[in-house]
Amino acid sequence: MSKKVVVIGAGPAGMETSTYLANFGFDVDLIEKENQVGGKLNHWDRLFPSMRKGDEVKEFLRKGNKFSNINLLLNTEIENVEQIDNKFIIATNNNKIQADAVVIATGFEIFDATKKEEYGYGIYDNVITSKDLELLFRQNKKIVRADGKPVKRVGIVHCVGSRDEKAGNIYCSKVCCVTGVKQAIEIHEANPDSEIYCFYMDLRMFGMQYEELYKKAQEEHGVQFIRGRLSEAAESLDGSVIVKVEDTLSGRPLKMSVDLLVLLVGFVPSQGTTKMGNLFGVSFNPNRFLEYSDEHTGTGLTNVPGVFLAGTCSAPRTLTNTILDARSTAMRVAGYLNAWETEKR
Amino acid sequence: MSPEFGFKINKSAQIDLDKADDSLYRKICSIEPSLKLCIFCGSCAATCSAGQFTSFSFRKISIDLRRGMIKDVKEDISKCMLCGKCILVCPRNVNTRHVLFHLKKHFDENEL
């Protein structure tokens, strides 16, 4: 009888790790609390840096699942876990499953921008998050002010809820910088008369083609980058948003009004990630994400034998790195269940 | 001499981008679009011969143009000797010398 692996979360990480585990010959249950697969990928319109549609990647992941023998359980949430010897007895709202190994792929949630009250999200009409903007793109909606007037000037704020001890998050969320550049280009494409200003502390263009995208934003879309972290935003009488920032490169305070302010919200661990960490006894890192057993050599593994991690439940990752991590974790699970010598290092 | 009394109002140091005049920046960009690619790294200013002895900095000029601080640009531009060392070090391949040349030309033409 083939060994059973339960994968928790059918976002990109859970989908891809399930595909490979099934092809390694394991019996895979993929558990998802929502009524559809895809996770956060369902919120994206186009992806950086190539600007291809997010749905194309979702289709690729879905095909992988379809070609493999995977038991997909939608609308299923884990309620309790018991461990007897090397087996996990997992109680869900629908059934009980006995598993030889578990992969946690419960991902992230975006930072709640209302916590940065000084930026006015949820208070001012023309302050939105990068996720809200992505949804507008997905729905093919016009990018206009809340009162329907066209946007002439747009501000994009980097590092909202990231690299900010006041927000409780000291870490970099990695994907926001390039998302800001991507969205600046998309806003300008939709509104060629608009001017876009990005407010940043550092621009972390670490991936292949990211720097080129940044250059394209400057060259073809005239996007301006002002180095300085927003201290506050205020609403003016006409509904536009006045932002205050130090222009650190000229060493002077600067203010300007924008028709739309976009907050690039960072990653925090999802509720499911925190819950699964507690249920399975997996240790958390200082940033409240789940922790690999070793930063360099123990990726995929946790402090609990038989419990593995894939994707953004352990750290902010790009989609590319999430898929990579998911495949790599499938290999670690195979090593564990087949008792490979390599896993005894 | 009588001692000074009363209040003095300091001019605001704040840059107000709503009132800034970026027409010169736009003019120079139309002549030399590579100016748009500046990332304000400062390598131009570090290598600048004039910058060793004066307050001249191409990076500052690049910022001042964008912020509409034309007076500052006008004051600074006379210090440049157009040697072109700044082009050699620019990682974004901005044609800095061409920008500086046209700035000089702009102020010369507007003065004469």
Side-chain angles (χ1 to χ4, degrees), chain A residues 152-156 177 181 184-185 188 193 195-205 210-228 230-234 236-238 240-259 261, chain B residues 10-46 48 51 55-76 90-96 98-99:
Chain A
K152 289 188 192 122
R153 256 187 181 180
V154 180
I156 297 181
C177 275
V181 168
I185 291 173
H188 189 257
D193 295 331
E195 292 175 344
I196 326 279
Y197 291 83
C198 288
F199 303 98
Y200 71 98
M201 300 200 287
D202 299 292
L203 284 172
R204 300 186 164 180
M205 297 294 151
Y210 292 8
E211 187 72 18
E212 286 89 333
L213 202 67
Y214 168 29
K215 211 172 146 178
K216 181 182 167 182
Q218 290 178 302
E219 195 166 27
E220 295 171 27
H221 302 281
V223 180
Q224 298 273 2
F225 292 84
I226 297 179
R227 199 186 78 185
L230 233 69
S231 65
E232 66 212 72
S236 69
L237 279 176
D238 70 350
S240 59
V241 182
I242 300 164
V243 298
K244 274 188 176 178
V245 65
E246 193 206 357
D247 177 11
T248 60
L249 294 175
S250 49
R252 288 169 60 177
L254 179 149
K255 71 159 186 175
M256 67 184 297
S257 56
V258 293
D259 296 303
L261 192 65
Chain B
N10 282 346
K11 210 175 146 252
S12 171
Q14 190 176 53
I15 299 169
D16 186 345
L17 268 196
D18 292 350
K19 293 177 185 150
D21 172 15
D22 64 353
S23 57
L24 183 55
Y25 172 65
R26 287 175 188 281
K27 177 185 165 181
I28 299 295
C29 278
S30 67
I31 300 166
E32 184 47 63
S34 69
L35 176 59
K36 290 194 243 176
L37 295 175
C38 177
I39 51 172
F40 318 107
C41 68
S43 54
C44 47
C48 178
S55 60
F56 185 74
S57 155
F58 183 84
R59 180 190 64 78
K60 187 171 175 298
I61 284 190
S62 184
I63 290 269
D64 288 348
L65 277 173
R66 286 168 166 83
R67 307 288 183 263
M69 289 147 72
I70 309 299
K71 266 189 193 164
D72 295 33
V73 177
K74 190 181 169 185
E75 264 174 42
D76 284 344
C90 179
R92 276 297 189 88
N93 262 335
V94 177
N95 192 338
T96 49
H98 199 216
V99 170

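Just so it is clear: chains get the letters A, B, ... in the order the sequence lines come, proteins before strands, and each one is counted from 1.
Using a 4.5 Å cut-off between heavy atoms, Glu195(A) contacts chain B through its side chain alone, with no backbone atom that close. The parts of Leu37(B) that come within reach of chain A are both its backbone and its side chain, each placing non-hydrogen atoms under 4.5 angstrom from that chain. Of the two parts of Cys38(B), only the backbone, made up of N, CA, C and O, holds a non-hydrogen atom closer than 4.5 Å to a non-hydrogen atom of chain A.
With chain A as the partner, the residue from Asp72(B), Asp16(B), Ile15(B) showing the most heavy-atom pairs under 4.5 Å is Ile15(B). By number of non-hydrogen pairs under 4.5 angstrom with chain B, the leading residue of Met256(A), Gln218(A), Arg153(A) is Gln218(A). Among the candidates Arg227(A), Glu219(A), Lys215(A), the residue making the largest number of heavy-atom pairs closer than 4.5 Å to chain B is Lys215(A). Each of Arg59(B), Lys60(B), Lys19(B) has some count of heavy-atom pairs under 4.5 Å with chain A, and the biggest count is that of Arg59(B).
Remark: Glu211(A) CD to Ile39(B) CD1 distance equals 6.0 Å, nearest 0.5 Å. The distance from the CD1 atom of Ile63(B) to the OG1 atom of Thr248(A) is 8.0 Å, given to the nearest 0.5 Å. The structure places CG of Asp18(B) at 7.5 Å from OG of Ser240(A), a figure rounded to the nearest 0.5 Å.
Geometrically, Arg92(B) engages Tyr214(A) in a cation-pi contact defined by less than 6.0 Å to the ring centre and at most 45° from the axis.
Among the candidates Glu246(A), Lys255(A), Arg252(A), the single residue satisfying the side-chain contact (heavy atoms from CB on, under 4.5 Å) test with Gln14(B) is Lys255(A). Paired with Leu17(B) under the rule side-chain contact (heavy atoms from CB on, under 4.5 Å), one option of Val258(A), Asp247(A), Ile226(A) passes, and it is Ile226(A).
Listed here is the closest heavy atom pair of Phe40(B) and Phe225(A): CE1-O, 4.0 Å.
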